[in-house]
Colleague: 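Attaching a single structure in structure tokens format; questions to follow.
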Amino acid sequence: MPDEKLQKLNNYFRKYIDEMLIKDIELIKNRNSEFRFSYPYILLACSCIDLFGAIEKGFKSPTGQGNSKDRFTWFITEWMGKINPLYQDQNLAYLIYDSWRCGVVHQATLKKGFETSSYMYSRDKHLHYIKDNERIFIHSLQFADDLIEAQKMYRKHI
């Protein structure tokens, strides 16, 4: 990639990723014990995932259709999978997209089969099945932290 294009891309990342999305995640992390956030982490992290997936896969498929599922699940399995191998499972990535991301983004609620919180369970329960509730638990703060690490690696890669 020519230096000028790389510089524009890095400037874009600094402005829209670092100074907005990542900074917002960090700001709410500082108040998490007070407010016990969950959904803001989901929305901010999913915005980053969608963007990085689109950088790699484009915003449309070759047929001109939207491809948010493909680009989202690609980033989850490929890059977040480097942070936690559980993300590498394509079925889990699809469930995160469909039930967690789409549920919150489009319906303002989690779809059946998922539970999320930044405080209900410890971080070691992240991406695990909770028998008592018969749900897959996503620790929203851990998810955001995983995204922050994954996007750092991805940005070095590109």
Side-chain angles (χ1 to χ4, degrees), residues 9 11-61 65-84 86-130 133 135-155 158:
L9 185 59
N11 290 340
Y12 180 87
F13 287 155
R14 271 191 292 281
K15 182 176 181 178
Y16 293 104
I17 301 298
D18 298 338
E19 295 175 13
M20 291 183 181
L21 297 171
I22 302 298
K23 184 175 182 178
D24 285 355
I25 289 171
E26 295 298 336
L27 287 170
I28 62 176
K29 280 172 61 175
N30 292 335
R31 305 283 305 267
N32 193 69
S33 62
E34 180 182 355
F35 293 112
R36 296 184 169 193
F37 293 111
S38 292
Y39 280 26
Y41 295 120
I42 299 168
L43 296 169
L44 292 165
C46 288
S47 294
C48 285
I49 292 167
D50 280 341
L51 174 66
F52 288 123
I55 289 169
E56 189 74 23
K57 302 288 184 188
F59 284 97
K60 301 227 182 258
S61 70
Q65 301 295 312
N67 67 345
S68 64
K69 177 180 73 172
D70 293 336
R71 68 180 187 248
F72 187 91
T73 57
W74 170 81
F75 191 84
I76 293 283
T77 58
E78 182 69 25
W79 291 96
M80 292 184 70
K82 294 177 187 318
I83 304 302
N84 180 336
L86 294 173
Y87 290 117
Q88 294 174 355
D89 183 309
Q90 188 69 35
N91 292 320
L92 178 61
Y94 175 75
L95 286 171
I96 291 170
Y97 170 80
D98 184 58
S99 299
W100 204 63
R101 177 237 183 241
C102 290
V104 172
V105 170
H106 299 296
Q107 299 166 340
T109 188
L110 296 173
K111 292 183 179 181
K112 185 179 179 180
F114 274 86
E115 184 171 35
T116 194
S117 175
S118 63
Y119 60 90
M120 282 176 38
Y121 299 105
S122 63
R123 287 179 181 240
D124 66 329
K125 301 292 185 207
H126 179 60
L127 300 178
H128 287 81
Y129 183 75
I130 307 292
N133 296 336
R135 299 206 188 319
I136 297 171
F137 177 70
I138 296 183
H139 193 289
S140 54
L141 180 52
Q142 184 62 55
F143 187 83
D145 284 345
D146 291 348
L147 171 273
I148 289 170
E149 292 307 310
Q151 66 90 29
K152 286 178 187 175
M153 288 190 315
Y154 178 70
R155 286 166 63 172
I158 61 171

Colleague: Applying the side-chain contact (heavy atoms from CB on, under 4.5 Å) criterion to F75, which one of L51, I55, D70, I49 satisfies it?
Modeller: I49
Colleague: Could you pull out the closest heavy-atom pair between S140 and S38, with the gap in Å?
Modeller: OG-CA, 3.4 Å
Colleague: In Å and rounded to the nearest 0.5 Å, what is the SG to CD1 distance from C48 to I17?
Modeller: 4.5 Å
Colleague: Do the non-hydrogen side-chain atoms of L86 and H126 ever get within less than 4.5 Å of each other?
Modeller: no
Colleague: State, to 0.1 Å, how close K57 and N67 come at their nearest heavy-atom pair, and which atoms those are.
Modeller: O-ND2, 3.3 Å
Colleague: Nearest heavy-atom pair of K29 and Y41: which atoms, and what distance?
Modeller: CA-OH, 3.3 Å
Colleague: Where do R101 and H106 come nearest, in terms of heavy atoms and distance?
Modeller: NH1-NE2, 3.4 Å
Colleague: What closest approach, in Å, do A45 and I25 show between heavy atoms, and which atom pair accounts for it?
Modeller: N-CD1, 4.3 Å
Colleague: Measuring from atom OG1 of T116 to atom OH of Y39, what distance do you get when rounded to the nearest 0.5 angstrom?
Modeller: 7.5 Å
Colleague: Once rounded to the nearest 0.5 Å, what's the spacing between atom CG of N32 and atom OG of S118?
Modeller: 3.5 Å
Colleague: Applying the ring pair (Phe, Tyr, Trp, His ring centres under 6.0 Å) criterion to F137, which one of Y121, Y129, F143, W100 satisfies it?
Modeller: Y121
Colleague: Look up atom CG in L127 and atom CD1 in I96, then write down how far apart they are to the nearest 0.5 Å.
Modeller: 5.5 Å
Colleague: Tell me if the aromatic rings of F35 and Y119 count as close, with their centers under 6.0 Å from one another.
Modeller: no
Colleague: With a 6.0 Å cut-off (strictly less than), is the heavy-atom count around NZ of K82, excluding the residue itself, greater than 12?
Modeller: yes
Colleague: Hey, could you give me the CE/CD1 distance between M153 and I83, rounded to the nearest 0.5 Å?
Modeller: 3.5 Å
Colleague: So, K23 and E26, do they make that salt bridge, N to O below 4.0 Å?
Modeller: no
Colleague: What do you reckon, is CZ of F59 surrounded by more than 12 foreign heavy atoms closer than 6.0 Å?
Modeller: yes
Colleague: Which of parallel (below 30°), tilted (30 to 60°) and perpendicular (above 60°) describes Y97 and Y94?
Modeller: tilted
Colleague: Do Q142 and N84 have side chains that approach each other closer than 4.5 Å (heavy atoms only, starting at C-beta)?
Modeller: no
Colleague: Apply side chain to side chain contact (heavy atoms under 4.5 Å, CB included) to the pair E56 and E78, showing each step before the final yes or no.
Modeller: CA-CA 11 Å; E56 189 74 23; E78 182 69 25; over 6 Å; no
Colleague: Does Q107 reach the main-chain N or O of V104 with its side chain, forming a donor-acceptor pair under 3.5 Å?
Modeller: no
Colleague: Could you tell me the separation between the OG1 atom of T73 and the CG atom of D89, rounded to the nearest 0.5 Å?
Modeller: 11.5 Å
Colleague: Using the side-chain contact (heavy atoms from CB on, under 4.5 Å) definition, which of the options I22, D24, L147 pairs with L44?
Modeller: D24
Colleague: If you compare all heavy atoms of R71 against all heavy atoms of A54, which two are closest, and at what distance to 0.1 Å?
Modeller: CD-N, 3.4 Å
Colleague: Are there over 12 heavy-atom neighbours, none belonging to K111, within less than 6.0 Å of that residue's NZ?
Modeller: yes
